[in-house]
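Okay, so here's the structure we're looking at.
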Number of protein chains: 2
Amino acid sequence: MANSRSGDSMTTRLVRVLDTFSSERTVQSMTDIARRAGLPTSTTHRIVDELVREGLLERDDGRRIRLGMRLWELALRGSTALRLRQAALPHMERVQTVIREHTQLAVLEQGEALFLERLSHPAAGANITRVAGRLPLHASSSGLVLLAHADPLVRERVLSSPLSPVSAETPTDPDGLRRLLARIRRDGYVVAPGTVESVSTGVAAPIRDRGEVVAALSAVLPRGTDPGRAVDALVRAATAVEADLVQSR
Amino acid sequence: MANSRSGDSMTTRLVRVLDTFSSERTVQSMTDIARRAGLPTSTTHRIVDELVREGLLERDDGRRIRLGMRLWELALRGSTALRLRQAALPHMERVQTVIREHTQLAVLEQGEALFLERLSHPAAGANITRVAGRLPLHASSSGLVLLAHADPLVRERVLSSPLSPVSAETPTDPDGLRRLLARIRRDGYVVAPGTVESVSTGVAAPIRDRGEVVAALSAVLPRGTDPGRAVDALVRAATAVEADLVQSR
């Protein structure tokens, strides 16, 4: 319905408009949105006007455009992301009292690790992950846990595609990765030093719901920190989140 | 563009579909969505199919439909809600260490208090607010703070509309409310016992950004608790959030 000459549906064009916003680009002009979405200015105008009318976008005094609270509300109310995150948050806070660094919650989304939540101690070390940000599955500790427990077809698709390094220590050899993933399935956690940034170590454990791994709970520690306490805290927290997910059904 | 015979735009119909999901209705059949959205089944099918193709909705094995992670990602990345919530979260955690009940963050959205975040102690008392849920401005402590500092036109529109009670103690007299709102502006906080539920007391303080009140930080305490420590903790936390919002510009 409502297909443009290029064959894109209205929904596709709407997603392209929303997709131009990011944590670095929260406010944009109409011209910027049109250019970044690759849409004609007139089309962009019509879509933005409609989205503003529905509250999914908002205009500020200078006519610049930002994402609307109504979009946030529609996306969160009733989302799986919110249910997972509400179950995980108290236990993530408990992990933070032990490690006092960064604790994160991620899910597998479109072949990447999508971060649903991040808690950071004010004095914590480096960490490039952001809420609603993504990292490659083969690089981040969360991604490795999610990949280890992914559907075998998804796993082989990732392993047979080009594996770009994020840091000098990102594992990019498919056979080495297969062995690492088998080890993660056996151990129930991963310790990944330097695979995202040379200065930090990622630690992650799986969270299961109805027998399937649905998320990864991870910590980012300064490189060289003994990961033992973080592993214990994460594995314990993951089990507690699983119990709360059963309760929240 | 793409208006139906009823004159609704494609965006309006899309919002009506998304709006059928809630925290109590996270998974629905196509028939349920069509009925609740008030759209013909064929139209609903086409919209849902497009939304599934873009990842904004997801289908489970039983062909039932839920909100997609991609919608969550698009809505959060670059949203004002996320910026506010990231600035507020560490300070909300600090409030929780003092009060050990519920701490919440709310904004004024379309004439209601929309809750962006809620932290709850495992042993905390009653609290009906939910993340991405709403409460009337004249009933909740967050709403009262937001209403006290709202644009005078918005305030008068709310005060001149029918004010339904949420509990037996919800203030519904416009003149009494005007005096209460003036007192909130003077004091810098509100203590609202029983205005949402007879068993609890709401306490709230405003958060300012660029001189304007952009959010309310609130606590829900069991009725009868001395609100003094919560007031102090919230006012201190609100000031700290304001400093972090300046930093995050």
Side-chain angles (χ1 to χ4, degrees), chain A residues 1-3 9-12 14-15 18-28 43 46-47 50-51 53-56 58 66-83 85-86 89-90 93 96 107-110 114 116 118-122 130-134, chain B residues 1-3 9-12 14-15 18-28 43 46-47 50-51 53-56 58 66-83 85-86 89-90 93 96 107-110 114 116 118-122 130-134:
Chain A
M1 123 174 25
N3 283 0
S9 75
M10 175 67 189
T11 311
T12 306
L14 193 145
V15 167
L18 296 179
D19 215 7
T20 63
F21 291 87
S22 71
S23 52
E24 285 79 34
R25 272 202 310 265
T26 58
V27 185
Q28 300 182 88
T43 308
R46 278 200 309 269
I47 295 173
E50 278 196 24
L51 290 170
R53 209 150 38 230
E54 294 294 334
L56 306 198
E58 291 169 3
R66 63 176 75 239
L67 296 179
M69 285 289 174
R70 179 88 177 111
L71 175 63
W72 180 89
E73 181 186 16
L74 285 173
L76 257 81
R77 232 179 39 191
S79 76
T80 312
L82 184 61
R83 176 173 167 259
R85 184 272 179 191
Q86 294 293 78
L89 191 60
E93 290 179 40
Q96 278 294 91
V107 295
L108 198 164
E109 172 66 9
Q110 299 174 313
L114 172 65
L116 299 189
R118 164 182 158 172
L119 298 182
S120 297
H121 190 269
R130 287 176 181 279
V131 174
R134 292 171 176 234
Chain B
M1 122 174 19
N3 283 359
S9 74
M10 175 65 188
T11 311
T12 305
L14 193 146
V15 167
L18 297 179
D19 214 7
T20 63
F21 291 87
S22 71
S23 52
E24 285 79 33
R25 271 202 310 265
T26 58
V27 187
Q28 300 182 86
T43 309
R46 278 202 307 272
I47 295 175
E50 278 197 24
L51 290 171
R53 210 147 41 230
E54 293 294 333
L56 306 199
E58 290 169 3
R66 63 176 76 238
L67 296 180
M69 285 288 173
R70 179 89 178 109
L71 175 63
W72 181 89
E73 181 186 18
L74 285 173
L76 256 81
R77 231 180 39 192
S79 76
T80 312
L82 184 60
R83 175 173 167 260
R85 182 272 177 193
Q86 293 294 79
L89 191 60
E93 291 178 39
Q96 278 295 91
V107 294
L108 198 165
E109 173 66 9
Q110 299 173 313
L114 172 65
L116 298 189
R118 164 183 158 172
L119 299 181
S120 297
H121 190 270
R130 287 177 182 278
V131 174
R134 294 172 174 231

Pair B:Ser9-A:Glu50, side-chain donor/acceptor within less than 3.5 Å: yes

Min side-chain heavy-atom separation A:Leu76-B:Arg130 under 4.5 Å: no

Donor-acceptor pair, side chain of B:Arg77 and main chain of A:Gly133, under 3.5 angstrom: no

Engaged part of B:Glu24 at the chain A interface, taking heavy atoms whose separation is under 4.5 Å: neither

Separation between CZ of A:Arg83 and CG of B:Leu67, rounded to the nearest 0.5 Å: 13.5 Å

Chain B contact via A:Gln96 - side chain, backbone, both or neither, heavy atoms under 4.5 Å: neither

Which atoms of B:Glu109 approach chain A - backbone, side chain, both or neither, heavy atom under 4.5 Å: side chain

Part of B:Leu14 lying under 4.5 Å from any heavy atom of chain A: side chain

Residue B:Glu93 versus chain A: region with a heavy atom under 4.5 Å: side chain

B:Leu56 side chain near A:Val15 side chain, heavy-atom distance below 4.5 Å: yes

Part of B:Leu18 lying under 4.5 Å from any heavy atom of chain A: both

A:Trp72 side chain reached by B:Leu116 side chain, heavy atoms, under 4.5 Å: yes

